[in-house]
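Residue numbers start at 1 and run along the sequence shown. We count ligands from 1, going down the list as the structure has it; atoms in each ligand are counted the same way.
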Amino acid sequence: MSEKYFPLDKAALDELALKYQTPFYLYDEKAIIENVRRIKAAFSVFPAYKNHFAVKALPNPYILKLLAAEGFGADCASLPELLLAEISGMKGEDIMLTSNETPTKEYIAAKNMGAVINLDDFTHIEFLEKKAGLPDLISMRYNPGPLKEGNAIIGKPEEAKYGFTREQLIKGYSLLKEKGVKRFALHTMVASNELSVPYHIETARMLFELAAEILSKTGVRLEFINLGGGVGIPYKPDQTAVDYEVLAVGIKKAYNEILAPAGLDPMEIRTEWGRVVTGPYGWLVARAVHKKEIYRSYIALDACMADLMRPALYGAYHHITIPGKENPAQAESQTLTETYDVVGSLCENNDKFAIQRQLPKIVTSAENGKGDFVVIHDAGAHGRAMGFNYNGKLRCGELLLRVDGSVAQIRRAETVDDYFTTLDISGVKDFY
Ligand SMILES: Cc1ncc(COP(=O)(O)O)c(C=O)c1O
């Protein structure tokens, strides 16, 4: 079971909404820091450990800066993400470029920054050499194909476009060694939002066995092993969060059984977690605008799937609470609850935050001029970042609840001017 919390009560939210119009994202700084410290404490069983936070999960430099202050690095998938990491004070090998089908300019930028380049394909060895030159340290991404089961979000490894086969990896390390590369690392990313601890331990075991094989076949001694991202969070209240300590101890057991006898101790362990770092500590806060009764009852919010795409994209569950109406006794009472589809204003029928969800009776702004707040939980990773402008929808801003209880705006909401910013409309009038 996971407890769903929201850090502000209704009165505090009322006050906040006087300054910042809904919808907005709210992140809890204190909870993120405490979570990061729990992760680091659990993984202190290894001689060295670093998480490269997956920037794509929450690409905001204020958040990245606080993660950097806690000793986390960044995992970047593009040039703008590399720049975000740099702006946030991360430097050199604190930054890892794990991209795929990587364009030349991203390789060049990563090389110039001294970031760790994680190659996605055998042919990229030559490509990187030609376009940017080979750095001292190179990592490669392993795709185990049929040797490892994937999961619903990421799919089966053998159908995934990412990474090297086992044979290509062995050839890759030998080739890079011949070309004078001195330092090496190994990476994989085989699951997304996976709550099973044994699954993640198995992934580590697979990489540790591969590291031993690489050493025996090529003489390459890896400097670090990156277990990738993909640790899940309990979106549903009846799911249980991953226990970091059980996970770290399980991985350490595999380390002791495989890496140590192979002569690979000490080995630095790295991860690329995003979702589990910030996901449970971010909320999309909206207001109910309209109520519609046709064949179902609909509550329409001032947010839409342009603000949070996961329910539409994956059919993902996000817990919803109504501040001021949290009392479970009330929520369970048939007379005080309704079954709603909670929707946005986008012209797509999958623009639904919840389908046939039993919720406290919601009052809309059409009814009372204000409307109930509707809090969508676990939106702190892969949330706003996946937003878009389809239907001319403008993405909402981001607020950070600071440790001292104050609130900082860390990204403003988009405006109509932002929507037009890439268009030069001066030429339209005389175009035809
Ligand atoms: C290469 C890579 N690393 C790390 C992550 C982060 O995954 P998560 O946020 O699920 O931990 C992703 C997510 O898509 C990814 O593609």
Give the atom numbers and elements of ligand 1 that come within less than 4.0 Å of a heavy atom of [X].
X	value
Gly230	7 (O), 8 (P), 10 (O), 11 (O)
Ala54	4 (C), 5 (C), 6 (C)
Trp273	11 (O)
Gly274	8 (P), 9 (O), 11 (O)
Thr98	1 (C)
Asp75	2 (C), 3 (N), 4 (C)

Proximity of [X] to ligand 1 by residue part, where a heavy atom lies under 4.0 Å:
X	answer
Met189	side chain
Arg141	side chain
Val276	neither

Decide whether the shortest distance between a heavy atom of Gly228 and an atom of ligand 1 is less than 4.0 Å.
no
Is it true that the side chains of Glu272 and Asn51 contain a donor and an acceptor less than 3.5 Å apart?
no
Distance-only side-chain donor-acceptor flag, Thr337 / Gln358, under 3.5 Å
yes
His187 to ligand 1: N or O pair under 3.5 Å?
no
Any N or O on Arg275 sitting closer than 3.5 Å to an N or O of ligand 1?
yes
Is the closest basic N to carboxylate O distance between [X] and [Y] below 4.0 Å?
X	Y	answer
Arg205	Glu257	yes
Arg183	Glu93	yes
Asp94	Lys50	yes

Between Val246 and Ile201, which heavy-atom pair has the shortest distance, and what is it?
O-CD1, 4.4 Å
Can you name the nearest heavy-atom pair linking Glu86 to Met113, along with the distance?
OE2-CG, 3.4 Å
Of Asp243, Leu247, Val242, the residue whose pairing with Glu245 passes side chain to side chain contact (heavy atoms under 4.5 Å, CB included)
Asp243
